[in-house]
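Quick notes on the structure that follows.
Reckoned from all heavy atoms, side chains included, excluding hydrogens, waters and symmetry mates. Numbers for residues simply follow the sequence, beginning at 1.
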Amino acid sequence: MAGYIILAVVVLLAGLMLLPVGADVRYAGGQARLRVQAGPARITLYPRRTGAKPKKKAARKRAKPESEARPPKPKPTFSELQPLIRLGWKALGGFRRRLCVQQVRVICVIACDDPYDTVQRYSAVNAAVNALWPRLERTVNIRQREIRVGFSFEPQEADLQAELALTIRVGRLLAIGCAFGVGYLKWKRNISRARRAEERKQKDGQYDDRKSGRNRNGEDQGNGGLQHGCRRANHHA
């Protein structure tokens, strides 16, 4: 019986890792739509339904008095942030390689009041598409695409329709998140160790200065120490 339970759990986890999640955006007729996807389920985020209940505002937290408030932690410097920036850039690269663009659809009809402006805008948009589209295909994996740019000398025929659908597997998303999380924890531990080592170094330096007879300003207190020693010797005598 236990073997069947373990097998069912493994199959369930495998199915969850292969589950696609993503979003699709659509614009047509001056209206936009945003939906999120989790497997076969799709939820519309925008536009919201008219009958949806407004969310309740969260209660404001009472500010702690100054005596209970913890001292603010020092902010990391740019040199300390560089490993984290490289880690985030690497995570974005992994996300980009694993992201799948299911569909890209753009239909644009350019129409202006002035025919000269229509031709100029059409030429500019067409040149931008021809220059940027090959780079976009090298950057992400695009399965289906439909790009059509046209023009019309009738201003009322201007139109723009666009649709974009993105998906990624849950397992790949978790792998990227876990890799970034482990790297972030290592970075935070290294920063804490470096700061503790710097604090110990400063404390050791202050202790050495006190032993050598120097005050906080680095002034020599040797004469004062000798005078104190002479007074103690006379007292014993």
Side-chain angles (χ1 to χ4, degrees), residues 13-55 84-113 117-181 183-184:
L13 291 177
L16 181 62
M17 293 297 104
L18 296 175
L19 188 70
V21 294
D24 65 89
V25 184
R26 183 179 181 183
Y27 179 85
Q31 296 182 354
R33 186 196 65 190
L34 173 61
R35 295 190 306 182
V36 294
Q37 172 189 356
R42 287 177 172 82
I43 301 174
T44 302
L45 298 181
Y46 182 85
R48 295 182 178 180
R49 296 180 180 177
T50 55
K53 296 181 180 180
K55 294 183 179 180
L84 186 63
I85 293 173
R86 290 194 293 268
L87 181 64
W89 187 257
K90 184 178 179 180
L92 286 176
F95 179 78
R96 173 185 59 81
R97 289 189 297 269
R98 290 167 175 81
L99 184 66
C100 181
V101 180
Q102 297 289 345
Q103 183 180 12
V104 176
R105 181 173 174 268
V106 178
I107 299 176
C108 179
V109 178
I110 300 173
C112 303
D113 295 334
D117 293 339
T118 300
V119 175
Q120 290 293 324
R121 293 185 182 182
Y122 169 76
S123 301
V125 172
N126 201 20
V129 170
N130 293 331
L132 297 178
W133 188 256
R135 296 183 181 181
L136 183 62
E137 287 186 329
R138 291 193 298 266
T139 303
V140 294
N141 179 23
I142 301 176
R143 292 190 175 181
Q144 296 181 2
R145 67 181 182 92
E146 182 183 0
I147 309 295
R148 289 188 292 173
V149 180
F151 67 93
S152 175
F153 294 117
E154 298 295 333
Q156 65 273 13
E157 294 184 0
D159 188 21
L160 176 61
Q161 299 179 16
E163 188 173 355
L164 176 66
L166 309 172
T167 58
I168 187 172
R169 302 286 183 183
V170 173
R172 295 177 176 178
L173 194 61
L174 288 177
I176 297 170
C178 291
F180 179 79
Y184 174 78

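For T118 (side chain) and C112 (main-chain N/O), a donor-acceptor pair under 3.5 Å exists by modelled atom type. In this structure a side-chain-to-backbone donor-acceptor pair under 3.5 Å is present from N130 to N126. Under the 3.5 Å distance criterion, the side-chain polar atoms of R96 are matched with a main-chain donor or acceptor of T139. Put simply, the side chain of Q31 never gets that close to the backbone of R33: no donor and acceptor are under 3.5 Å apart. In this structure a side-chain-to-backbone donor-acceptor pair under 3.5 Å is missing from T44 to Y46.
The closest side-chain heavy-atom distance from Q103 to R143 is not below 4.5 Å. Here the side chains of I107 and E146 are in contact, with some heavy-atom distance below 4.5 Å. Here the side chains of Q37 and T167 are in contact, with some heavy-atom distance below 4.5 Å. Two residues are said to be in side-chain contact when any heavy atoms from C-beta on lie closer than 4.5 Å; V106 and W133 fail this criterion. Within the 4.5 Å cutoff, no side-chain heavy atoms of N141 are placed close to those of V101.
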task: Take Q144 and V104 through the test side-chain contact (heavy atoms from CB on, under 4.5 Å) and record every step on the way to the result.
output: CA-CA 6 Å; Q144 296 181 2; V104 176; over 6 Å; no
- request: Test side-chain contact (heavy atoms from CB on, under 4.5 Å) on C108 and R148 and set out the steps.
  value: CA-CA 6 Å; C108 179; R148 289 188 292 173; over 6 Å; no
task: Starting from the C-alpha separation in whole Å, work towards a yes-or-no answer on side-chain contact (heavy atoms from CB on, under 4.5 Å) for L99 and L166.
output: CA-CA 7 Å; L99 184 66; L166 309 172; 4.2 Å; yes
task: Test side-chain contact (heavy atoms from CB on, under 4.5 Å) on L174 and M17 and set out the steps.
output: CA-CA 8 Å; L174 288 177; M17 293 297 104; 3.4 Å; yes
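For the pair L173 and F95, the tightest heavy-atom approach, listed with the atom from each and the gap, is CD1-CE1, 3.9 Å. The shortest heavy-atom contact between R169 and P20 is NH1-CD, 3.8 Å. Summarising the geometry of V109 relative to S152, their closest heavy-atom pair is CG1-CB, 4.2 Å, with the distance given to 0.1 Å. Smallest separation of non-hydrogen atoms from A32 and P47: O-CD, 3.5 Å. Closest approach of F180 and A91 over heavy atoms only: CD1-CB, 4.1 Å. Across all non-hydrogen atoms, the minimal contact from P134 to V129 is CD-O, 4.2 Å.
Once rounded to the nearest 0.5 Å, the distance linking CD1 of I110 with CD of E157 reads 13.5 Å. Note that CD1 of I147 is 10.0 Å distant from CZ of R105, once rounded to the nearest 0.5 Å. Atoms CZ and CG, from R26 and L164 in turn, are 13.0 Å apart once rounded to the nearest 0.5 Å.
Crowding of I43 atom CD1: a count of heavy atoms from other residues, nucleotides or ligands under 6.0 Å not exceeding 12. Within 6.0 Å of OH on Y184 lie no more than 12 heavy atoms contributed by other residues, nucleotides or ligands.
Between F153 and F151, the angle of the ring planes goes over 60°, which puts this pair in the perpendicular group of the 30/60° scheme.
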